[in-house]
Amino acid sequence: MNAPVLVINCGSSSIKYALIDPAPDAPRLAGLAERLGSADARLKGINSAGGSFSHALPNADHTQALNAILNSLEGRIPGAIGHRIVHGGEKFTQAALIDSDVISAIKATAALAPLHNPANLAGISATQKIFPALPQVAVFDTAFHQTLPVKAYRYALPESLYAEHGIRRYGFHGTSHAFVSQRAAELSPRGAGGWLTAHLGNGCSTAAVWNNQSLDTSMGLTPLEGLVMGTRSGDVDPGLHAHLHRQLGWSMDKIDDVLNKQSGLLGLSGLTNDMREVEEAAEQGHARAMLALDVFCYRIAKSLAALSCALPTLDGVIFTGGIGENSPLVRRRVISLLPHFGFALDEASNDVMIRGKEGKLDRANHQGPEAWVIPTDEEGRIAMETRQCLEAHA
């Protein structure tokens, strides 16, 4: 297929989009429709000349926003739509051509991602109205991690909870971990060996990838498990929920809200969920910001060390995501907490790896495991998987 793919990432009140041409040098049109359903709804994005635009879309719903997105594509007509779907459960191990059965299966997994899958389905419904003749493909965050062995994805719970209710570890950020590990295999002379990948942004996760297959990852049944994130707590004692309920009288909804929206960097620092602001405050001696930075980096290193158990050999670590790509301080601290792995960080290389730069962080002639910064391209990966799915069905 030579036509561009329109990638849609639909939230409950937003639509992130990118029009991706198969020609690598073609300009990428991308943007975000946000605050949908409110008087402040707006579409903003980047045009083919690299300039930005912003248009008010007062009270627009998803369909109206998609029509506005279509008008922003400068006359370029997509040949297919690729949808980011957060949770595919066990049913989807790869991208799927959307039909009534696929839609039913996405609905069936909505209980596992109640904030995401219904919104993703709304995006599918809206695009089907606007583009009824275009093929549409679902690309799942969880699909890349369906190669986890049973010892990595099962919880130590009664069998019926898994067999009847699908309670297991699924993992997320799959398109990002897949993209950067495959890119490392292309860039490094070590090829597709054993890579630890760290996707660090407002949401954070790590993975152990062997020969382009995920063997373990930090997120679990939901995106709350694992690392400290912008507003999510990451791992806590499972008994915390009962303790907060008994001691403070908190409802499950309140506990869920606190752990997902009031914790992480925001909860620890008391200031912000933005790592840039946390670093600035820590540099000025703000005690809670310093604590947030310490906990954040320690938990990443601890997770990477644990995930290394899944790999037959360790070829290197890859940092990606907004923080992973742009925070030399976080990368330096994480690597310093893993001295027994034999990394050898070159400080000058680390300091300049920001703002979309891709490269190796090692000192010259270093023979141990490598360290890389590789900017992720989840939209590009979704477009690629969309094309592959359509070719398989041709």
Side-chain angles (χ1 to χ4, degrees), residues 177 180-181 184 187-188 190 193-209 216-218 226-230 234-235 264-265 268-269 273-311 313-355 357-376:
H177 291 294
V180 299
S181 56
L187 292 170
S188 171
R190 297 169 184 244
W195 295 95
L196 295 172
T197 54
H199 176 102
L200 309 176
N202 192 50
C204 300
S205 65
T206 49
V209 183
D216 204 350
T217 189
S218 59
L227 307 179
V228 171
M229 309 178 214
D235 289 342
L265 291 174
L268 284 168
S269 71
N273 66 320
D274 189 319
M275 177 55 79
R276 293 167 295 188
E277 296 174 11
V278 170
E279 288 186 15
E280 289 173 5
E283 188 176 349
Q284 295 166 8
H286 190 283
R288 287 181 61 184
M290 294 167 66
L291 173 64
L293 191 58
D294 284 345
V295 174
F296 182 81
C297 294
Y298 175 72
R299 292 278 287 273
I300 296 167
K302 181 179 176 181
S303 177
L304 292 171
L307 288 175
S308 70
C309 296
L311 299 175
T313 60
L314 174 60
D315 289 298
V317 63
I318 304 161
F319 293 95
T320 193
I323 297 172
E325 296 166 25
N326 293 294
S327 177
L329 175 60
V330 167
R331 296 191 298 256
R332 182 184 307 114
R333 286 201 176 194
V334 170
I335 288 178
S336 73
L337 290 165
L338 299 167
H340 44 295
F341 279 16
F343 295 114
L345 185 71
D346 179 80
E347 294 289 353
S349 296
N350 184 49
D351 287 341
V352 299
M353 286 298 172
I354 56 174
R355 298 187 180 91
K357 288 187 177 179
E358 175 184 78
K360 207 173 172 205
L361 304 177
D362 305 323
R363 290 200 295 264
N365 302 317
H366 171 59
Q367 300 301 310
E370 299 175 348
W372 286 83
V373 173
I374 299 178
T376 194

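Here, residue 1 is the first one in the sequence, and each next residue gets the next number.
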Determine whether more than 12 heavy atoms belonging to other residues, nucleotides or ligands lie under 6.0 Å from atom NZ of Lys302. no
Glu358 atom CD: more than 12 heavy-atom contacts under 6.0 Å: yes
Criterion side chain to side chain donor-acceptor pair (under 3.5 Å) on His177 and Thr197, from CA distance to verdict: CA-CA 6 Å; His177 291 294; Thr197 54; 2.7 Å; yes
With sequence neighbours left out, the residues meeting side chain to side chain donor-acceptor pair (under 3.5 Å) with Asn273 are Asn202
Shortest non-hydrogen contact from Ala310 toward Asp216: CB-CB, 4.1 Å
On a heavy-atom basis, which atom in Thr217 and which in Leu307 lie closest, and how many Å separate them? N-CD2, 3.8 Å
Got a sec, which pairs hit salt bridge (charged side-chain N to carboxylate O under 4.0 Å, His left out) with one end in residues 323-332, sequence neighbours left out? Arg332-Glu347, Arg332-Asp351
Let's go through His286 and Arg288 carefully: what are the C-alpha distance in whole Å and the side-chain angles of both, what is the deciding distance for side-chain contact (heavy atoms from CB on, under 4.5 Å) to 0.1 Å, and is it a yes or a no? CA-CA 6 Å; His286 190 283; Arg288 287 181 61 184; 3.6 Å; yes
Going by the side chain to side chain contact (heavy atoms under 4.5 Å, CB included) test, name the single residue among Leu361, Val334, Leu338 that passes it with Phe343. Leu338
Review item, side-chain donor-acceptor pairs of residues 291-301, under 3.5 Å, at least two apart:
from, atom 1, to, atom 2, distance (Å)
Asp294, OD1, Arg333, NH1, 2.5
Arg299, NH2, Gly226, O, 3.3
Arg299, NH2, Asp235, O, 3.0

Run Ser327 and Phe319 through side-chain contact (heavy atoms from CB on, under 4.5 Å) and show every step you take. CA-CA 10 Å; Ser327 177; Phe319 293 95; over 6 Å; no
Derivation and outcome, side-chain contact (heavy atoms from CB on, under 4.5 Å), residues Leu265 and Met275: CA-CA 8 Å; Leu265 291 174; Met275 177 55 79; 3.8 Å; yes
